[in-house]
Amino acid sequence: MKEKLIDLFEYTYHFNNEMIKIISKHKDVLDERTVSLINHTLNAQQIWNARISGQTTFEVWQINPFESLEEINHQNFLKSIDIVQNSDLDERVEYRNSRGTKFENSIFDMLFHAVNHSTYHRGQINSLLKQNNIQPVMTDYIFYKR
């Protein structure tokens, strides 16, 4: 299971970087929603990593300096891999969501959610790219594995 999670985080890291590149290339024609979504995508992975490791989290919708997004994505990737390699994935972690409500989930569920969440928002970004007549990034997992 750990190997598969690592593979999914490699996939996430790769396509988050591809999204950052295409947004950077077309920043002049894309609206704030696109920039907000790529930030949110990266912020959410940082938040889930921080919840698991007991560190300070980003804000859900904070806007980071655009030039820092690749580094944030890289740090998220390294932290996620570290958690996968050095944690009992069945361990349950208690945390509070952005509204302050307390929850408890397994580390595996939290990490899998982070991957799935990123996929969802990359799809939204692709829709916004299409609306602006920009060729979307083919982010399907199967294309990555080919």
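All of these numbers come straight from a predicted model, not from anything done at the bench. Values reported hereafter were calculated over all heavy atoms of this structure, with side chains retained and with hydrogens, waters and symmetry mates removed.
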Task: Taking every non-hydrogen atom, the tightest pair across Phe103 and Asn97 - done: CE1-ND2, 3.3 Å
Task: Under 3.5 Å donor-acceptor, Ser24 side chain and Ile20 backbone - done: no
Task: Reported CG-to-NZ distance for the pair Asp140 and Lys145, which is rounded to 0.5 angstrom - done: 14.0 Å
- [ ] Tell me whether Leu89 is reachable from Leu78 by hopping between hydrophobic residues (I, L, V, M, F, W, Y) whose side-chain heavy atoms are closer than 4.5 Å.
- [x] yes
Task: Side-chain heavy-atom pair Glu18, Thr139 within 4.5 angstrom cut-off - done: no
Open item on the list: Any non-hydrogen side-chain atom of Gln124 less than 4.5 Å from a side-chain atom of Leu128?
Closed with: no
TODO: Using a cut-off of 6.0 Å, state whether more than 12 heavy atoms not belonging to Lys2 lie near its atom NZ.
DONE: yes
Task: From CG (Asn126) to CD (Gln135), nearest 0.5 Å - done: 9.0 Å
Open item on the list: Using side-chain heavy atoms (C-beta onward) and a distance below 4.5 Å, is Leu8 in contact with Asn116?
Closed with: no
Open item on the list: For Asp82, is there any backbone N or O sitting under 3.5 Å from a side-chain donor or acceptor partner on Asn86?
Closed with: yes
Task: Partner residues of Lys27 under the salt bridge (Lys or Arg N to Asp or Glu O under 4.0 Å) criterion, sequence neighbours left out - done: none
Open item on the list: Between Asn16 and Asn76, is there a side-chain heavy-atom distance shorter than 4.5 Å?
Closed with: no
- [ ] With rounding to the nearest 0.5 Å, note down the distance linking CG in Leu30 to CZ in Arg33.
- [x] 13.0 Å
TODO: Please report the shortest heavy-atom distance between Ile38 and Val35, naming the atom on each side.
DONE: CG2-O, 3.3 Å
Task: Heavy-atom side-chain contact between Asp7 and Glu3 under 4.5 Å - done: no
Open item on the list: I need the His117 NE2 to Gln45 CD distance, nearest 0.5 Å.
Closed with: 10.5 Å
- [ ] Assess the pair Tyr13 and Phe9: is the distance between their ring centroids shorter than 6.0 Å?
- [x] no
Open item on the list: Are Thr119 and Tyr141 packed together at the side-chain level, in the sense that at least one heavy-atom pair is separated by less than 4.5 angstrom?
Closed with: no
- [ ] Have a look at Asn43 and tell me which of Val60, Asn64, Thr57 forms a side-chain contact (heavy atoms from CB on, under 4.5 Å) with it.
- [x] Asn64
Open item on the list: If only side-chain N and O atoms count, and only distance matters, is there a donor-acceptor pair under 3.5 Å linking Asn132 with Asp31?
Closed with: no
Open item on the list: Please find the pair of heavy atoms, one from Met19 and one from Ile125, that lie closest to each other, and give the distance.
Closed with: SD-CG2, 3.7 Å
Task: side chain to side chain contact (heavy atoms under 4.5 Å, CB included) assessment of Ile6 paired with Glu10 - done: CA-CA 6 Å; Ile6 290 170; Glu10 289 170 345; 3.7 Å; yes
- [ ] Treat each ILVMFWY residue as a node, draw an edge where side-chain heavy atoms are under 4.5 Å apart, and state whether Tyr11 and Ile142 are in one component.
- [x] no
Open item on the list: Would you compute the distance between atom NZ of Lys4 and atom CZ of Phe108 and round it to the nearest 0.5 angstrom?
Closed with: 11.0 Å
TODO: Kindly work out whether a path of hydrophobic side-chain contacts (I/L/V/M/F/W/Y, heavy atoms less than 4.5 Å apart) joins Ile72 to Trp61.
DONE: yes
Task: Under the side-chain hydrogen bond (donor to acceptor under 3.5 Å, both in side chains) test, residues paired with Asn105 that sit two or more places apart - done: Tyr95
TODO: Evaluate the side-chain proximity of Phe66 to Ile23: yes if any heavy-atom separation is below 4.5 Å, no if none is.
DONE: yes
Open item on the list: A cation-pi test, strictly: NZ or CZ of Arg122 under 6.0 Å from the centre of the six-membered ring of Tyr144 and no more than 45 degrees from its axis. Yes or no?
Closed with: no
Open item on the list: Could you report the tightest heavy-atom contact between Ser106 and Arg92, atom names first, then the distance?
Closed with: N-NH1, 3.8 Å
Task: Nearest atoms (heavy-atom pairs only) where Leu42 meets Asn73 - done: CD2-OD1, 3.6 Å
Task: Path from Leu5 to Tyr120 over hydrophobic side-chain contacts below 4.5 Å - done: no
- [ ] State whether the number of non-hydrogen atoms from other residues, nucleotides or ligands found under 6.0 Å of Glu59 atom CD is greater than 12.
- [x] no
Task: Non-hydrogen side-chain atoms of Glu94 and Lys102 separated by less than 4.5 Å - done: yes
TODO: Considering non-hydrogen atoms only, spot the tightest contact between Arg51 and Ser98 and give its length.
DONE: NH2-N, 3.6 Å
Open item on the list: Rounded to the nearest 0.5 Å, what separates atom OG1 in Thr34 from atom CG in Asn39?
Closed with: 11.0 Å
